[in-house]
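For reference, the structure discussed in these notes is given below.
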Amino acid sequence: MPKRRYEILLPAEFNDGRLVMDACPMCVPESLKEVSDTFGAFTFRPDAALGNWTADGRRYSDRLFALIVDVDDTAEHRAWIAHFKTHLLQRFEQLEIYVTSYPVEVH
């Protein structure tokens, strides 16, 4: 079956500047557990990537962790990821969380 890789950027800070690990120490571990419980595996990159973006005239600076999961490319998995993103937006109090996906070949 074809595989699909999902890359999810989890914030290290809430949009208001509070550190996620201080304000919600279980936010990241719970998110990783959900993926592990559903798919059985994931890759997590704790080395933060830096980003900047603007919304409604306000500039945001981000520190982001990469959560990567390779799964069978099915409609069920796509639906689960879409639901997971909605949950992450609430959990991390974000205006947006980037989830990208693309087909992968495992050799």
Side-chain angles (χ1 to χ4, degrees):
M1 166 155 305
K3 299 282 187 189
R4 180 160 289 275
R5 174 167 287 180
Y6 291 93
E7 295 180 359
I8 303 163
L9 298 178
L10 299 177
E13 299 173 3
F14 292 105
N15 286 331
D16 64 8
R18 291 175 296 139
L19 293 177
V20 169
M21 291 301 189
D22 290 343
C24 183
M26 294 307 295
C27 281
V28 171
E30 287 175 359
S31 300
L32 299 179
K33 184 177 181 330
E34 286 181 58
V35 171
S36 181
D37 288 351
T38 301
F39 299 115
F42 65 84
T43 300
F44 181 69
R45 300 213 37 189
D47 52 318
L50 303 177
N52 280 297
W53 56 285
T54 303
D56 297 325
R58 181 176 172 193
R59 186 161 196 77
Y60 296 89
S61 294
D62 286 337
R63 289 184 321 117
L64 304 159
F65 304 121
L67 170 57
I68 303 160
V69 61
D70 294 340
V71 299
D72 290 338
D73 191 4
T74 66
E76 179 183 352
H77 290 162
R78 278 183 246 122
W80 189 93
I81 293 289
H83 175 75
F84 185 57
K85 176 182 175 170
T86 301
H87 187 69
L88 292 175
L89 287 167
Q90 294 171 356
R91 177 179 283 162
F92 289 94
E93 301 173 22
Q94 296 296 294
L95 300 173
E96 182 60 87
I97 287 184
Y98 267 53
V99 177
T100 57
S101 75
Y102 49 90
V104 293
E105 290 183 34
V106 179
H107 300 275

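All figures in this text were calculated on a predicted structure; none of them were measured in a lab.
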Gap between atom [atom2] of [Y] and atom [atom1] of [X] - 0.5 Å precision:
| X | Y | atom1 | atom2 | result |
| --- | --- | --- | --- | --- |
| D62 | L50 | CG | CG | 9.0 Å |
| L10 | C27 | CG | SG | 9.5 Å |
| D47 | L64 | CG | CG | 11.5 Å |
| N15 | Y60 | CG | OH | 5.5 Å |
| Q94 | K85 | CD | NZ | 11.0 Å |
| E30 | L88 | CD | CG | 11.0 Å |

- prompt: When you look at V71 and E76, which way does the side chain to side chain contact (heavy atoms under 4.5 Å, CB included) test go after all the steps?
  reply: CA-CA 11 Å; V71 299; E76 179 183 352; over 6 Å; no
message: Looking at R78, I'd like to know if its CZ atom is crowded, meaning that more than 12 non-hydrogen atoms belonging to other residues, nucleotides or ligands lie closer than 6.0 Å.
response: yes
Answer with yes or no whether the hydrophobic clustering places [X] together with [Y]; edges join I, L, V, M, F, W, Y residues whose side-chain heavy atoms lie under 4.5 Å apart.
| X | Y | result |
| --- | --- | --- |
| F84 | I97 | yes |
| V20 | L9 | no |
| W80 | L89 | yes |
| F14 | M21 | yes |

field: Option among R4, K3, R5 that satisfies the salt bridge (charged side-chain N to carboxylate O under 4.0 Å, His left out) test with D70
entry: R5
task: Please determine if R18 and D16 form a salt bridge, counting it only when a charged side-chain N lies under 4.0 Å from a carboxylate O.
output: yes
- prompt: Among T43, V35, I8, which residue meets the side chain to side chain contact (heavy atoms under 4.5 Å, CB included) test with I68?
  reply: T43
query: Parallel under 30°, tilted from 30 to 60°, perpendicular over 60°: which one fits the rings of H77 and F39?
result: perpendicular
- prompt: Between F44 and F65, what is the ring plane arrangement, given parallel below 30°, perpendicular above 60°, and tilted in between?
  reply: tilted
query: Which heavy atom in A41 sits nearest to a heavy atom in V69, and how many Å separate them?
result: O-CG2, 3.5 Å
Donor-acceptor contact below 3.5 Å, side chain T38 vs main chain E34: yes
message: Side chains of Y102 and E7 only: does a donor on one sit below 3.5 Å from an acceptor on the other?
response: yes
side-chain hydrogen bond (donor to acceptor under 3.5 Å, both in side chains) partner of H87, the single match among Q90, H83, R91: R91
